[in-house]
There are 4 protein chains.
Amino acid sequence: MTHRPDDAAEAGRRLRADARRNRARILAAAEEVFAEKGESASTEEVAARAGVAIGTVFRHFPTKRDLLAAIMKELRTRLVDEAAALSADAGPAAAFFDYFAFMVERAARVRTVLGLLAAEGMGAEPGDQIRDLEQVVGELLEAAQRAGAVRPDVALDEVMAILTATCQGALHGAWDDDLRRRTLGIVFDGLRPRA
Amino acid sequence: MTHRPDDAAEAGRRLRADARRNRARILAAAEEVFAEKGESASTEEVAARAGVAIGTVFRHFPTKRDLLAAIMKELRTRLVDEAAALSADAGPAAAFFDYFAFMVERAARVRTVLGLLAAEGMGAEPGDQIRDLEQVVGELLEAAQRAGAVRPDVALDEVMAILTATCQGALHGAWDDDLRRRTLGIVFDGLRPRA
Amino acid sequence: MTHRPDDAAEAGRRLRADARRNRARILAAAEEVFAEKGESASTEEVAARAGVAIGTVFRHFPTKRDLLAAIMKELRTRLVDEAAALSADAGPAAAFFDYFAFMVERAARVRTVLGLLAAEGMGAEPGDQIRDLEQVVGELLEAAQRAGAVRPDVALDEVMAILTATCQGALHGAWDDDLRRRTLGIVFDGLRPRA
Amino acid sequence: MTHRPDDAAEAGRRLRADARRNRARILAAAEEVFAEKGESASTEEVAARAGVAIGTVFRHFPTKRDLLAAIMKELRTRLVDEAAALSADAGPAAAFFDYFAFMVERAARVRTVLGLLAAEGMGAEPGDQIRDLEQVVGELLEAAQRAGAVRPDVALDEVMAILTATCQGALHGAWDDDLRRRTLGIVFDGLRPRA
DNA sequence: TATGAATGAGATTTCATTCAT
DNA sequence: AATGAATGAAATCTCATTCAT
């Protein structure tokens with residue numbers, strides 16, 4: 001009937017090569033467009049930017065909401081993956097703070113990170129992606145606390161709250177690199193143990 | 001054209017009063033509606049909530065954008081006024097942190113505070129309202145720094161950035177009172193001088 | 001919010017004169033258009049035929065389904081009213097057969113009579129219009145049976161079934177006047193008492 | 001181009017068999033789907049029900065209209081064939097009335113019988129199928145009239161009209177078995193000679 | 001001045017049909 | 001010959017804004 005869309009792709013079922021290419025293109029275009037104009041941007045513009053017809057967008061994402069949800073999911077996956085790289089490259093203290101800064105820097109560019117962090121009820125389907133963003137941050141946090149780089153009395157939900165807030169601030173406030181660095185400095189000071 | 005000119009004059013005065021009342025009602029309704037559904041909510045819904053016809057909304061605010069801008073302005077005025085009360089009631093240290101907390105608590109309720117802080121290009125018309133929000137915060141900050149309650153190396157733009165960020169986080173994250181308190185605790189620690 | 005449409009008009013609440021005029025125009029245009037092209041005809045064509053913009057149709061009938069339902073309702077009312085006239089003018093025997101013939105003749109022109117008789121689940125809201133079509137036919141039938149013009153063992157549901165069927169046949173078959181007369185002759189013979 | 005021509009030939013035969021099977025499947029699925037949802041049902045749904053891809057449907061029937069026409073033709077053939085069986089099994093009187101009842105019962109299930117009877121301009125291609133439905137009914141009618149079971153003054157077009165009408169009524173009215181029997185009783189009485 | 005109906009551009013969604021794989 | 005992705009015109013519905021009453 002209606003093309004058993006997108007989740008099929010997610011679930012790993014086979015898609016034709018060109019379909020997969022288009023799906024990726026659409027996601028990329030959508031991320032750009034929604035990043036620039038907010039989620040009230042039109043689906044038609046997404047299609048145009050992706051270089052496909054409007055119907056193709058619909059085939060992959062039957063609803064605008066589905067498209068938005070797919071962007072979030074994709075982005076979350078990417079961010080989680082990048083966390084792994086960071087924690088491999090650096091010691092636990094650096095890993096935590098680097099990841100925090102990294103996400104905020106991302107947010108300054110990509111408006112959609114917002115929705116990702118705010119979760120906004122968009123089907124997170126816990127379990128279908130074992131390592132969720134919050135879990136990743138939790139791991140980095142614990143490691144940093146064990147290493148004495150973060151106050152032991154700070155809980156994960158507070159960290160997520162501050163991370164979210166900082167990302168949103170960075171985005172909407174259009175901070176430049178310097179302001180971001182100084183702002184993060186204050187936040188990080190709040191997280192570090194008192195001398 | 002009116003039969004009894006005296007009555008006409010009286011009616012005119014009465015109408016102006018009505019108009020003022022309507023303006024206020026519309027602003028209040030708009031603040032509620034946009035707070036709940038974001039700024040993509042429809043003008044018709046604002047009219048309905050205000051109990052007036054759609055035409056009346058457009059008579060007072062020729063454009064949706066104008067309506068949004070008016071909300072911001074009204075809110076800014078209110079917040080600035082409240083700052084005066086706080087700094088009168090408390091010492092400089094308390095005043096700064098109280099005001100910060102006060103704004104974040106507001107943000108948790110009113111989505112529009114966001115736009116206010118983010119400025120979003122909506123006609124701030126600097127000067128037509130002598131004391132702007134940023135200036136108020138600046139004064140509180142300076143006082144708190146002189147009193148030794150805030151690190152002297154913290155600049156106003158950083159404070160505004162963190163304030164904005166925390167407000168946005170509080171709103172979109174739907175923090176409860178406890179989480180808000182703990183989160184602010186961390187931020188405030190970052191702002192206080194090291195022992 | 002969304003214009004408290006159509007039922008307002010139905011319920012007799014005041015509508016502006018021009019609005020009432022447009023509502024009537026739209027209904028008339030819709031009846032024509034759907035009669036000609038079936039219910040898959042486009043709302044836009046209805047708007048064009050009525051000489052209004054598409055949004056006006058939407059204001060009165062928020063959904064295509066609502067528009068269809070309104071046509072049915074309007075038509076039912078008209079038919080029921082016309083029954084009263086017939087039973088006043090003629091004796092009971094003539095009244096019944098005349099009404100039957102009258103409806104079939106109508107059906108030959110108006111495709112929508114179909115849906116009316118078939119009821120198709122479109123909100124009949126029993127009670128909000130005390131005398132429904134079936135009831136009217138029932139009254140005419142009873143009177144005709146008391147007068148000995150219709151077999152006493154014929155039940156109302158059979159009559160409605162034959163009436164519906166004949167209407168649909170007349171419509172889809174595009175019967176001419178002669179064929180309709182002869183066909184009704186056979187049906188009426190089946191309804192009359194055996195000599 | 002094929003490497004082994006023998007296999008190619010064999011494959012060709014196999015493919016033709018597959019194709020025939022697919023054609024039949026599609027027709028069956030289409031009959032079901034259009035019966036349930038009317039002819040505005042989507043071609044994709046037909047494909048899904050048939051278990052083939054949408055492209056396959058269009059390979060066999062280049063146009064939706066062609067598909068509809070094919071259903072009609074297929075159905076007509078089936079109904080005509082079944083007439084032969086009936087007139088062989090029973091006397092002429094029974095054959096006519098049985099066939100009439102049989103078609104109405106069919107119509108109660110299959111929405112497409114409607115279109116068949118109404119002809120709707122869909123390529124009947126007279127002559128390519130020597131015995132048409134109307135002709136079959138005509139033969140049964142004549143036989144029944146010769147046997148004195150049907151009034152001699154009834155013409156074929158009237159019978160077709162009543163038959164069509166009753167089929168449509170049965171379909172759209174969703175008559176149950178009992179109502180259908182009683183309704184047909186009245187119609188048949190109208191067709192029988194007066195005592 | 002208030003009302004609320006009308007406008008019409010634009011957004012989302014549907015679906016018959018084409019075409020690369 | 002089958003598949004199913006892509007197309008794009010058209011349909012439905014939304015909503016900021018205008019204007020007659």
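Side chains included, hydrogens not; waters and symmetry mates left out as well; all remaining heavy atoms used.
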- Using a strict cut-off of less than 4.0 Å between a Lys/Arg side-chain nitrogen and an Asp/Glu carboxylate oxygen, indicate whether D:Arg21 and D:Asp18 qualify as a salt bridge. yes
Taken to the nearest whole Å, CG/A:Asp66 to C1'/E:dT12 is 13 Å
Does the pair B:Asn22 and B:Val57 meet the rule for a side chain to side chain contact (heavy atoms under 4.5 Å, CB included), with working shown? CA-CA 9 Å; B:Asn22 274 344; B:Val57 174; over 6 Å; no
Restricting to nitrogen or oxygen on both sides, can you table the protein-nucleotides 6-8 of chain E pairs closer than 3.5 Å?
residue: E:dA6; atom: OP1; partner: C:Asn22; partner atom: ND2; Å: 2.1
residue: E:dA6; atom: OP2; partner: C:His60; partner atom: NE2; Å: 2.9
residue: E:dT7; atom: OP2; partner: C:Ala53; partner atom: N; Å: 2.8
residue: E:dT7; atom: OP2; partner: C:Thr56; partner atom: OG1; Å: 2.6

Hits for side-chain contact (heavy atoms from CB on, under 4.5 Å) against B:Phe58, two or more places apart or cross-chain, chain-then-number order -> B:Thr43, B:Ile54
C:Arg65 atom CZ is separated from F:dC13 atom C1', nearest whole Å, by 16 Å
When rounded to whole Å, the NZ to P distance for the pair B:Lys37 and F:dC15 reads 10 Å
Base-pair string, DNA chain F, Watson-Crick plus G-U, cut-off 3.5 Å on both distances, | for inter-strand, is .||||||||||||||||||||
side-chain contact (heavy atoms from CB on, under 4.5 Å) filter on A:Arg49, not counting sequence neighbours, yields A:Ala29, A:Glu32, A:Val33, A:Glu36, A:Glu45
From CD1 of D:Ile26 across to P of F:dT3 the rounded distance in Å is 9 Å
For D:Arg23 and D:Phe61, the nearest pair of non-hydrogen atoms, with its separation, is NH1-CE2, 3.5 Å
From CD of A:Glu45 across to C1' of E:dA11 the rounded distance in Å is 13 Å
When rounded to whole Å, the CZ to P distance for the pair C:Phe34 and F:dT12 reads 8 Å
Between CZ of C:Arg21 and P of E:dA5 the distance, given in whole Å, is 13 Å
D:Phe61 atom CZ is separated from E:dC15 atom P, nearest whole Å, by 20 Å
On a heavy-atom basis, the closest approach of B:Lys37 and B:Ala41 is CB-CB, 3.9 Å
Taken to the nearest 0.5 Å, the spacing of D:Arg25 CZ from D:His60 NE2 works out to 10.5 Å
Salt bridge (Lys or Arg N to Asp or Glu O under 4.0 Å) filter on B:Arg78, not counting sequence neighbours, yields B:Glu31, B:Glu74
In this structure, CG of A:Leu27 is separated from CG of A:Leu67 (nearest 0.5 Å) by 6.5 Å
Open item on the list: When you measure from the side-chain N and O atoms of D:Thr43 to the phosphate of E:dA16, is any distance below 4.0 Å, counting only OP1 and OP2?
Closed with: yes
